[in-house]
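First the structure, in the form of C-alpha cells, and then the observations on it.
This is a predicted model, so every value here is computed, not measured. The figures here come from the full heavy-atom set of this structure, side chains too, leaving out hydrogens, waters and symmetry mates.
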Amino acid sequence: MQPGAFSISLPVADLAASHDFYATLGFEPVGGSTDEGYLILRNGVAVVGLFCFEGMDFDAPMLTFNPGMDATLGETDDFTDVREVARALHGAGADVVADPEPGTGPAHLVVRDPDGHRILVDQFRDAPAD
C-alpha cells in the first residue's frame, strides 16, 4: 500500500499568526491561500497544513496522507487509490468514520487509529490506471 505524502493538518484560530510562527521555523507556503482559509507550508520534506475556515470538519490535529503525491508534493504515477485504502481498512475492522466518495476521482476518507487519533487520507487526483 502506498498512502502518499505525509503531513499534519492543524486547525488554527488565526491563520496569519500561525503562518508567521511556522515561517520562523523555515516553512514556506506551497499551496492554499488566506482567502481560501488554509495554507500548506513546507520546509524540505516536512509539510504542515494550516486550516481556518467556516465549516471545517475537524477541531484537533490530524495525520494526513495524500495518495498520488510524493514527499516534495510532486505527483506520482503509482499510488494506492483512497477507495482501495478504505476497503483494506474496513476489512481489517478499522474505525472508518468517513468513507470516500465512489468513482475514480479525488476523494478522501477519515479513520481513527486504535488510540482514537484521526487520520485523513486525501486524494487530489484520479485513481491510477490498472
Side-chain angles (χ1 to χ4, degrees):
M1 183 164 307
Q2 299 173 13
F6 172 77
S7 64
I8 187 155
S9 296
L10 302 174
V12 299
D14 183 329
L15 191 57
S18 294
H19 172 241
D20 291 347
F21 172 80
Y22 283 97
T24 65
L25 296 173
F27 283 84
E28 297 179 354
V30 294
S33 72
T34 53
D35 290 342
E36 294 174 292
Y38 77 96
L39 290 170
I40 307 301
L41 308 176
R42 184 176 73 193
N43 182 343
V45 296
V47 179
V48 175
L50 306 175
F51 297 86
C52 179
F53 57 85
E54 183 123 0
M56 189 170 62
D57 63 354
F58 71 102
D59 59 2
M62 248 189 318
L63 303 178
T64 303
F65 295 95
N66 298 109
M69 289 182 132
D70 65 20
T72 63
L73 305 183
E75 292 186 359
T76 61
D77 291 330
D78 187 29
F79 63 93
T80 305
D81 182 71
V82 67
R83 293 154 196 89
E84 186 177 330
V85 174
R87 283 191 293 277
L89 290 167
H90 278 291
D95 181 15
V96 177
V97 296
D99 275 305
E101 300 78 14
T104 60
H108 71 276
L109 73 85
V110 179
V111 62
R112 291 186 193 276
D113 75 6
D115 292 298
H117 304 291
R118 290 192 301 173
I119 300 169
L120 172 66
V121 181
D122 194 10
Q123 179 175 310
F124 296 104
R125 302 176 38 209
D126 285 346
D130 291 331

With rounding to the nearest 0.5 Å, note down the distance linking CG in Leu89 to CG in Leu109.
-> 6.5 Å

Is there a donor-acceptor pair under 3.5 Å between the side chain of Asp122 and the backbone N or O of Asn66?
-> no

Could you state the interatomic distance from CD1 (Ile8) to CG (Leu63), rounded to the nearest 0.5 Å?
-> 5.5 Å

Hydrophobic cluster identity match, Met69 and Val110, side-chain contacts under 4.5 Å = yes

Taking all non-hydrogen atoms of both residues, which atom of Gln123 and which atom of Thr80 are closest, and how far apart?
-> OE1-O, 4.1 Å

With the side chain counted from C-beta on, respond yes when His90 and Asp99 share a heavy-atom pair under 4.5 Å apart, and no when they do not.
-> yes

Val97 with Val121, same ILVMFWY side-chain cluster at under 4.5 Å = no

Rounding to 0.5 Å, atoms CG (Asp20) and CG (Leu25) come to a distance of 11.5 Å

Could I get the full list of side-chain contact (heavy atoms from CB on, under 4.5 Å) partners for Phe58, not counting sequence neighbours?
-> Ser9, Pro11, Phe51, Met56, Met62, Arg118

Side chain of Asp14, backbone of Ala17: donor and acceptor closer than 3.5 Å?
-> yes

Distance from Asp70 atom CG to Asp77 atom CG, nearest 0.5 Å?
-> 10.5 Å

Between atom CG of Leu50 and atom OG1 of Thr34, what is the distance when rounded to the nearest 0.5 Å?
-> 11.5 Å

Please name the pair of heavy atoms, one in Gly37 and one in Leu15, separated by the smallest distance, quoted to 0.1 Å.
-> C-CD2, 3.8 Å

Can you name the nearest heavy-atom pair linking Gln2 to Phe79, along with the distance?
-> OE1-CA, 3.6 Å

Look only at the side chain of Arg42 and the backbone of Val30, and say whether a donor-acceptor pair between them is shorter than 3.5 Å.
-> no

Shortest non-hydrogen contact from Gly68 to Arg125?
-> O-NH1, 2.8 Å

Using a 4.5 Å cut-off on heavy atoms from C-beta on, say whether the side chain of Pro67 contacts that of Asp81.
-> no

Which heavy-atom pair separates Phe27 from Val47 by the least distance, and what is that distance?
-> CE2-N, 4.4 Å

Within 6.0 Å of CD in Glu36, more than 12 heavy atoms from elsewhere | yes

Under 3.5 Å, is there a donor-acceptor pair between the side chain of Arg83 and the main chain of Pro100?
-> no

Taken to the nearest 0.5 Å, the spacing of Ile119 CD1 from Arg112 CZ works out to 10.5 Å

Should Val12 and Tyr38 be counted in the same cluster of Ile, Leu, Val, Met, Phe, Trp and Tyr side chains packed under 4.5 Å apart?
-> no

Would you say the side chain of Asp126 lies within less than 4.5 Å of the side chain of Pro106, judging by non-hydrogen atoms?
-> yes

Shared hydrophobic cluster, Phe124 / Leu73 (ILVMFWY, side-chain heavy atoms < 4.5 Å) | yes

Shortest non-hydrogen contact from Met1 toward Val85 = SD-CG2, 3.8 Å

